[in-house]
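In this text, all values refer to a predicted model and were calculated from it rather than measured experimentally. Counting begins at 1 with the first residue of the sequence. The figures here come from the full heavy-atom set of this structure, side chains too, leaving out hydrogens, waters and symmetry mates.
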Amino acid sequence: MEELSEQVQSALHRLQNPQDCKNSKKLVCHMTHAGCGFGCLLHHMVYCLMIALATNRVLIVPEEPWWYTNHSAINYISPLSSSCLNFEGPAKSPAESDFQVYQDDNATVIDFYTHLDSMIQNEQPYTPPALPAALAERIKKMTRDPDAWWVGQMLAYLLRPTPKQQMRLEEAKKTVNFGLPVVGVHVRRGDKIGSPETLVANQLDE
């Protein structure tokens with residue numbers, strides 16, 4: 001499984017670092033959704049990266065602040081590319097094609113806003129349970145949950161921390177006496193305050 005993971009990560013790296021950035025096709029995804037926190041934005045970014053990979057386009061996420069802060073994802077994660085972060089020329093809106101991005105679209109740049117209803121209804125042909133044809137059988141043989149594994153590969157690429165953030169993580173790691181097994185507990189706060197889930201989380205804190 002580690003070998004297959006390395007293969008996917010290498011493919012994403014090649015996609016995001018083309019030899020000829022200027023003439024490479026690009027998918028520009030905007031992360032400015034109102035009411036969308038960091039985890040929510042990651043869902044949208046995963047969605048965009050899957051589409052970019054399936055349509056052979058470099059994914060570009062403009063450095064725009066989130067709706068509730070002056071920060072952007074760039075403050076916390078490594079750049080998606082080391083050589084292709086910008087685009088030139090006019091951009092085509094996918095609204096012209098029912099919010100779909102097609103493999104045979106000749107537009108050099110597509111300006112894309114992820115559509116929540118489309119994500120919920122899973123109407124895009126490139127999102128789970130869709131898998132790359134060349135890897136699908138291998139993935140299904142190696143894991144009981146191919147969808148989760150595939151989404152995890154996208155997240156692994158997107159969540160590479162910046163050097164500064166990596167240093168913070170290493171410092172935090174030193175303060176925790178890790179032993180085996182390790183159990184992770186996600187305590188959700190934010191927009192779920194007042195919901196039963198958050199009430200349970202508060203009881204756990206106590």
Side-chain angles (χ1 to χ4, degrees), residues 1-32 41-64 72-94 97 99-115 118-119 122-140 142-143 146-163 165-166:
M1 185 172 289
E2 185 176 346
E3 179 184 347
L4 187 57
S5 178
E6 290 177 356
Q7 185 176 343
V8 174
Q9 294 302 309
S10 295
L12 290 171
H13 179 78
R14 290 193 301 273
L15 174 76
Q16 290 299 115
N17 295 276
Q19 293 183 350
D20 184 4
C21 175
K22 183 177 181 180
N23 293 311
S24 295
K25 290 184 178 180
K26 301 172 183 70
L27 180 70
V28 181
C29 277
H30 299 271
M31 297 293 111
T32 55
L41 288 173
L42 280 176
H43 282 289
H44 288 273
M45 291 178 73
V46 165
Y47 189 69
C48 285
L49 186 56
M50 287 180 172
I51 294 173
L53 181 61
T55 57
N56 197 32
R57 290 179 175 273
V58 179
L59 174 61
I60 294 179
V61 178
E63 190 172 347
E64 301 164 320
S72 72
I74 307 301
N75 296 108
Y76 305 100
I77 59 177
S78 292
L80 299 182
S81 173
S82 60
S83 61
C84 198
L85 294 171
N86 301 299
F87 65 96
E88 298 177 358
K92 174 185 176 181
S93 168
S97 51
F99 294 98
Q100 298 278 8
V101 182
Y102 298 98
Q103 290 178 323
D104 59 354
D105 195 322
N106 291 322
T108 303
V109 180
I110 293 181
D111 202 26
F112 190 64
Y113 287 84
T114 48
H115 196 267
S118 180
M119 290 175 66
N122 201 21
E123 294 177 341
Q124 279 281 0
Y126 317 122
T127 52
L131 293 169
L135 300 177
E137 290 305 314
R138 291 176 63 190
I139 295 173
K140 290 176 181 178
M142 297 181 108
T143 176
D147 297 354
W149 187 87
W150 184 242
V151 170
Q153 292 303 307
M154 302 297 111
L155 283 169
Y157 187 84
L158 292 171
L159 287 177
R160 293 166 298 123
T162 61
Q165 192 71 4
Q166 182 64 41

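Between atom CH2 of residue Trp150 and atom OG1 of residue Thr143 there is a gap of 13.0 Å, rounded to the nearest 0.5 Å. Interatomic distance, CD of Glu2 versus CG of Leu4, reported as 11.0 Å (0.5 Å rounding). Note that NZ of Lys22 and CG of Asn86 are 13.5 Å apart. Values are rounded to the nearest 0.5 Å. In this structure, His44 NE2 and Leu49 CG are separated by 15.0 Å, a value rounded to the nearest 0.5 Å. Taking CG of Asp147 as the start and CD1 of Ile139 as the end, the distance is 9.5 Å to the nearest 0.5 Å.
Looking at residues two or more places apart in sequence or on another chain, you find a side-chain hydrogen bond (donor to acceptor under 3.5 Å, both in side chains) between Gln9 and Gln153. For His13, the ring-ring contact (aromatic ring centres under 6.0 Å, His included) criterion is met by no residue, not counting sequence neighbours. Applying the side-chain hydrogen bond (donor to acceptor under 3.5 Å, both in side chains) criterion to Gln103, with sequence neighbours excluded, gives no partner residue. When the side-chain hydrogen bond (donor to acceptor under 3.5 Å, both in side chains) test is applied to Arg138, the partners found at least two apart in sequence or on another chain are Gln7. Listed by chain and residue number, Leu42, Val46, Val151, Leu159 satisfy the side chain to side chain contact (heavy atoms under 4.5 Å, CB included) test with Leu155 (two or more places apart in sequence, or in another chain). Residues that satisfy the side-chain hydrogen bond (donor to acceptor under 3.5 Å, both in side chains) test with Ser82, not counting sequence neighbours, are Asn17.
Of the possible donor and acceptor atoms, none in the side chain of Thr162 sits under 3.5 Å from a partner among the backbone N and O of Ser78. The backbone N or O of Leu53 sits nowhere less than 3.5 Å from a side-chain atom of Tyr126 that would complete a donor-acceptor pair. For Ser10 (side chain) and Glu6 (main-chain N/O), a donor-acceptor pair under 3.5 Å exists by modelled atom type.
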Self-check item: Trace of the side chain to side chain contact (heavy atoms under 4.5 Å, CB included) decision for Gln165 with Ile77
Solution: CA-CA 8 Å; Gln165 192 71 4; Ile77 59 177; over 6 Å; no

Practice problem: May I have the step-by-step check of side chain to side chain contact (heavy atoms under 4.5 Å, CB included) for Trp149 and Met142, ending in yes or no? | Solution: CA-CA 10 Å; Trp149 187 87; Met142 297 181 108; over 6 Å; no

Exercise. Take Val8 and Tyr157, measure what side chain to side chain contact (heavy atoms under 4.5 Å, CB included) needs, and give me the verdict at the end.
Key: CA-CA 9 Å; Val8 174; Tyr157 187 84; over 6 Å; no

Using a 3.5 Å cut-off and no angle test, enumerate the donor-acceptor pairs between side-chain atoms of residues 23-31 and protein atoms at least two apart in sequence or in another chain.
from, atom 1, to, atom 2, distance (Å)
Asn23, ND2, Asp20, OD2, 2.8
Ser24, OG, Asp20, O, 2.5
Lys25, NZ, Asp105, O, 2.8
Lys26, NZ, Cys21, O, 2.6
Lys26, NZ, Ser24, O, 2.8
His30, ND1, Glu64, OE1, 3.2
His30, ND1, Glu64, OE2, 3.0
His30, NE2, Asp111, OD1, 2.6

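Proximity of Leu158 to Leu80: side-chain heavy atoms (C-beta onward) are separated by under 4.5 Å at one or more points. Val61 places none of its side-chain heavy atoms less than 4.5 Å from the side chain of Cys48. Between Met154 and Leu12, the closest side-chain pair of non-hydrogen atoms falls below 4.5 Å.
A pairwise comparison of heavy atoms in Gln166 and Pro161 identifies OE1-CG, 2.8 Å as the closest pair. Between Ala107 and Lys92 the shortest heavy-atom distance is CB-CD, 3.9 Å.
The environment of CG in Asn56 is sparse: at most 12 heavy-atom neighbours from other residues, nucleotides or ligands sit within 6.0 Å.
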